[in-house]
Amino acid sequence: QVQLAESGGGAVQAGGSLRVSCAASGTIVRINDMGWYRQSPGKQRELVASITRGGSTDYADSVKGRFTISRDNAKNTVVLQMNSLKPEDTAVYYCNADVKTNWSFPSRSYWGQGTQVAVSS
């Protein structure tokens with residue numbers, strides 16, 4: 001019923017910038033929190049940044065001051081602007097959204113397929 005499609009990943013040199021985008025589609029009556037997670041080989045998936053429907057944001061300490069999350073509620077999209085990239089940022093980045101598809105039932109989380117971000121020294 002709900003699909004999240006990521007785009008914008010790629011390869012970049014350290015110090016460069018990249019923007020990843022996520023668009024939600026399907027049976028959607030309300031999207032609550034949205035966020036970006038990442039996972040690198042041998043590591044647990046971690047929250048990078050999140051944003052509420054009202055625009056309140058939260059960031060992992062490792063990306064504060066470098067990454068910016070934003071959303072467009074009318075388009076059901078969320079974007080992560082990544083600046084001053086470091087090799088440690090290399091990971092598969094996943095979009096997440098807490099979505100209500102029916103007003104009579106609680107919302108649930110949906111995940112995108114992931115997009116690769118590779119940062120070289």
Side-chain angles (χ1 to χ4, degrees):
Q1 290 288 160
V2 177
Q3 300 82 41
L4 303 181
E6 299 110 328
S7 62
V12 66
Q13 292 184 335
S17 297
L18 208 59
R19 188 184 76 165
V20 289
S21 301
C22 173
S25 62
T27 306
I28 301 169
V29 298
R30 166 91 74 166
I31 302 179
N32 299 312
D33 293 356
M34 303 184 82
W36 286 95
Y37 293 73
R38 67 187 180 189
Q39 187 168 25
S40 56
K43 297 188 66 178
Q44 195 171 52
R45 185 176 60 190
E46 64 175 350
L47 175 66
V48 178
S50 64
I51 184 167
T52 68
R53 183 172 180 82
S56 297
T57 59
D58 193 24
Y59 297 91
D61 288 342
S62 60
V63 307
K64 286 181 179 176
R66 301 188 297 119
F67 291 9
T68 302
I69 188 170
S70 61
R71 65 189 287 173
D72 186 333
N73 292 337
K75 296 181 179 180
N76 292 330
T77 59
V78 61
V79 170
L80 185 68
Q81 177 67 45
M82 300 180 286
N83 299 324
S84 302
L85 283 161
K86 304 175 180 179
E88 307 90 87
D89 296 318
T90 296
V92 177
Y93 283 69
Y94 296 92
C95 177
N96 174 262
D98 180 39
V99 181
K100 243 188 184 295
T101 61
N102 188 314
W103 284 112
S104 298
F105 297 95
S107 61
R108 59 152 287 188
S109 289
Y110 292 86
W111 293 91
Q113 80 286 351
T115 185
Q116 178 72 55
V117 171
V119 185
S120 60
S121 300

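Numbering starts at 1 and runs along the sequence shown.
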**Student:** Do other residues, nucleotides or ligands put more than 12 heavy atoms under 6.0 Å from the CZ atom of R19?
**Tutor:**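 No.
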**Student:** Please name the pair of heavy atoms, one in V29 and one in W103, separated by the smallest distance, quoted to 0.1 Å.
**Tutor:**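 The pair with the smallest heavy-atom distance is CB-NE1, 3.8 Å.
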**Student:** Evaluate side-chain contact (heavy atoms from CB on, under 4.5 Å) for T77 paired with S21, printing each intermediate quantity in order.
**Tutor:** CA-CA 7 Å; T77 59; S21 301; over 6 Å; no
**Student:** Nearest 0.5 Å, what's the OG-CD distance between S40 and Q116?
**Tutor:**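 Here the interatomic distance stands at 9.5 Å.
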**Student:** Is there a donor-acceptor contact under 3.5 Å from the side chain of Q39 to the main chain of Y93?
**Tutor:**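 No; judged by distance alone, with no hydrogens or angles, the pair does not exist.
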**Student:** Measuring only between side-chain heavy atoms, which start at C-beta, is N73 closer than 4.5 Å to I31?
**Tutor:**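 In short, these two side chains do not touch, never coming nearer than 4.5 Å.
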**Student:** Can you get from V48 to V117 by hopping between Ile, Leu, Val, Met, Phe, Trp and Tyr side chains that sit under 4.5 Å apart?
**Tutor:**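 Yes, V48 connects to V117 through the hydrophobic network.
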**Student:** Output yes when a side-chain donor or acceptor of T90 lies under 3.5 Å from a complementary backbone atom of V119, and no otherwise.
**Tutor:**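 Such a contact is found between T90 side chain and V119 backbone.
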**Student:** Ignoring hydrogens, what is the shortest heavy-atom contact between Y94 and G112? Give both atom names and the distance.
**Tutor:**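 Y94 and G112 have their closest heavy atoms at CD2-O, 3.6 Å.
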**Student:** When rounded to the nearest 0.5 angstrom, what is the spacing between CG in N76 and CZ in R71?
**Tutor:**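 Answer rounded to 0.5 Å: 8.5 Å.
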**Student:** After noting the C-alpha distance and the side-chain angles of S50 and D33, does the key distance pass the side chain to side chain donor-acceptor pair (under 3.5 Å) rule?
**Tutor:** CA-CA 7 Å; S50 64; D33 293 356; over 6 Å; no
**Student:** Could you go step by step and tell me if V63 and R38 meet the side-chain contact (heavy atoms from CB on, under 4.5 Å) rule?
**Tutor:** CA-CA 12 Å; V63 307; R38 67 187 180 189; 4.0 Å; yes
**Student:** Grab the two heavy atoms, one from L4 and one from C95, that are nearest each other, plus how far apart they are.
**Tutor:**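 For L4 versus C95, the nearest heavy atoms are CD1-O, 3.7 Å.
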**Student:** V20 and M82: which non-hydrogen atoms are nearest, and at how many Å?
**Tutor:**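 What the structure gives for the nearest pair is CG1-CE, 3.9 Å.
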**Student:** Heavy atoms only: give me the nearest S17-Q81 pair and the separation to one decimal.
**Tutor:**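 Heavy atoms only, the tightest pair is CB-NE2, 4.0 Å.
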**Student:** Measure the CG-CE distance between D72 and M34 for me, rounded to the nearest 0.5 Å.
**Tutor:**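 That separation rounds to 10.0 Å.
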**Student:** For the hydrophobic clusters of this structure (ILVMFWY residues joined by side-chain heavy atoms under 4.5 Å, transitively), does one cluster hold both F67 and L18?
**Tutor:**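 As far as the 4.5 Å side-chain criterion goes, L18 and F67 are connected within one cluster.
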**Student:** Going through the checks in order, is the side-chain contact (heavy atoms from CB on, under 4.5 Å) test met by L85 and Q13?
**Tutor:** CA-CA 8 Å; L85 283 161; Q13 292 184 335; over 6 Å; no
**Student:** Looking only at the side chains, is there a donor atom on one of R30 and N32 sitting less than 3.5 Å from an acceptor on the other?
**Tutor:**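 Absent: no donor and acceptor within the cut-off.
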**Student:** Which heavy atom of S120 sits nearest a heavy atom of P87, and at what distance?
**Tutor:**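 That closest heavy-atom pairing would be C-CG, 4.5 Å.
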**Student:** Using a 3.5 Å distance criterion without hydrogens, assess whether the side chain of N96 forms a donor-acceptor pair with backbone atoms of S109.
**Tutor:**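 Here the side-chain-to-backbone pair does not exist.
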**Student:** Within the side chain of E6, is there an N or O that forms a donor-acceptor pair under 3.5 Å with the backbone of Q113?
**Tutor:**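 Indeed, once roles are kept as given, a pair shorter than 3.5 Å links the two residues.
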**Student:** OH/Y59 to CG/L47 distance, rounded to the nearest 0.5 angstrom?
**Tutor:**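 The distance works out to 11.0 Å.
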**Student:** Return yes if some donor-acceptor pair links the side-chain N/O of D58 with the main-chain N/O of I51 below 3.5 Å, else return no.
**Tutor:**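 Between the backbone of I51 and the side chain of D58 there is no qualifying donor-acceptor contact (under 3.5 Å).
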**Student:** Identify, with sequence neighbours excluded, every residue that meets ring pair (Phe, Tyr, Trp, His ring centres under 6.0 Å) alongside Y37.
**Tutor:**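 Y37: ring pair (Phe, Tyr, Trp, His ring centres under 6.0 Å) contacts with W111.
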**Student:** Are I28 and Q1 close enough that some pair of their side-chain heavy atoms sits under 4.5 Å apart?
**Tutor:**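 The answer is no; the side chains never approach within 4.5 Å.
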**Student:** Any salt bridge between K86 and D89, counting N to O under 4.0 Å?
**Tutor:**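 Looking at K86 and D89, the cut-off is not met.
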